Amino acid sequence: MKYPETLYSDVLGNMQLDEVVDYATSREIDGFQNVNVVFVPGFLVPPQQQTEEEFQARLNIAEQMYAELIQKKPSALLTPLHAKLKSLALEYGFDEANESESELYQNWKLEHVILFHTGIRLIYFGITVFPSLDLCLDYDRQWNLEELYFDG
């Protein structure tokens, strides 16, 4: 199928086709301004091999994941991950002796929400300890954390 240039979703709003493979829009989420929300309908299956029914099913999953994200509040998702975040930071050279651990958990701002039919990726930025790195959280459709990593 050929993806339409624009897509309207009751949940995601108006989205524009970006680079022929995904849709993007900007939203306010949980107090975070201008969050880039991306729906990737062609993840693992290229558009030309997808039916309209598959596309709609993937959109429905993306809408459900987004609605659940709003209920969960992205700012609250980081708190239970403090131990994993600290462990990751130590791998990247965080110096416990000379830096405050609390700096690892402050100033994160949600920048991107990427919606796949297999789950969701949240990308945060703004940590002062590693200013050039983004924090990525990959969840499956049941909100089980699959991966927590730095990128950048």
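Each residue takes its place number in the sequence, starting with 1. Predicted model only: the values in this text are computed from it and were never measured.
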[Y] and [X], any side-chain heavy atoms less than 4.5 Å apart:
X	Y	value
Y23	Y3	yes
V113	V38	no
L133	Y92	yes

Between [X] and [Y], what is the shortest heavy-atom contact and its length?
X	Y	value
N34	S26	CA-OG, 3.3 Å
L110	V35	O-CG2, 3.5 Å
F94	L90	O-CD2, 3.5 Å
Y124	P74	OH-O, 2.8 Å
T25	L12	CG2-O, 3.8 Å
V37	M15	O-CE, 3.5 Å

Could you tabulate the donor-acceptor pairs under 3.5 Å formed by side-chain atoms of residues 143-152, not counting sequence neighbours?
| residue | atom | partner | partner atom | Å |
| --- | --- | --- | --- | --- |
| W143 | NE1 | E68 | OE1 | 2.6 |
| N144 | ND2 | D140 | OD2 | 3.2 |
| Y149 | OH | R121 | NE | 3.1 |

Gap between atom [atom2] of [Y] and atom [atom1] of [X] - 0.5 Å precision:
X	Y	atom1	atom2	value
F125	I123	CZ	CD1	11.5 Å
T51	E54	OG1	CD	3.5 Å
L122	L135	CG	CG	9.5 Å
L78	L137	CG	CG	6.0 Å

Inset, instruction - Kindly write out the residues that satisfy side-chain contact (heavy atoms from CB on, under 4.5 Å) with T6, not counting sequence neighbours, or none if the list is empty. - result: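 Once residues adjacent in sequence are excluded, the partners of T6 under the side-chain contact (heavy atoms from CB on, under 4.5 Å) criterion are Q16.
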Inset, instruction - Could you pull out all residues at least two apart from Q106 that satisfy side-chain contact (heavy atoms from CB on, under 4.5 Å)? - result: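 Per chain and number, Q106 pairs via side-chain contact (heavy atoms from CB on, under 4.5 Å) with S102.
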Legend entry - Side chain Q50, main chain P41, donor-acceptor under 3.5 Å: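 Looks like yes, one N/O pair under 3.5 Å.
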Inset, instruction - Return yes if some donor-acceptor pair links the side-chain N/O of R141 with the main-chain N/O of T118 below 3.5 Å, else return no. - result: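 Judged by distance alone, no pair lies under 3.5 Å.
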Inset, instruction - Please answer: with hydrophobic residues joined when any side-chain heavy atoms are less than 4.5 Å apart, are L88 and W108 in the same cluster? - result: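 In one cluster with L88: W108, yes.
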Legend entry - Distance-only donor-acceptor check, side chains D30 and S75, under 3.5 Å: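 Yes - a donor-acceptor pair under 3.5 Å links their side chains.
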Legend entry - Exercise: do N60 and Q56 side chains pair donor with acceptor under 3.5 Å: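 There is such a pair (donor and acceptor under 3.5 Å, judged by atom type) between the side chains of N60 and Q56.
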Legend entry - H112: partners by ring-ring contact (aromatic ring centres under 6.0 Å, His included), with sequence neighbours left out: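 Residues passing ring-ring contact (aromatic ring centres under 6.0 Å, His included) with H112: none at all.
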Inset, instruction - List the steps, then state whether side-chain contact (heavy atoms from CB on, under 4.5 Å) holds for I114 with V40. - result: CA-CA 7 Å; I114 304 173; V40 185; 3.8 Å; yes
Legend entry - Of all pairs that satisfy ring-ring contact (aromatic ring centres under 6.0 Å, His included), the ones with a partner from residues 65-89, not counting sequence neighbours: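 Non-adjacent pairs meeting ring-ring contact (aromatic ring centres under 6.0 Å, His included): H82-Y105.
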Inset, instruction - Could you give me the CA-CA distance, side-chain angles and deciding distance for I120 and L69, then say whether side-chain contact (heavy atoms from CB on, under 4.5 Å) is met? - result: CA-CA 9 Å; I120 189 169; L69 172 67; 4.1 Å; yes
Inset, instruction - For residues 92-115, pull every pair meeting salt bridge (charged side-chain N to carboxylate O under 4.0 Å, His left out), keeping only residues two or more places apart or in separate chains. - result: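 Checked against salt bridge (charged side-chain N to carboxylate O under 4.0 Å, His left out) - neighbours excluded - the pairs reaching residues 92-115 are K86-E96, K86-E101.
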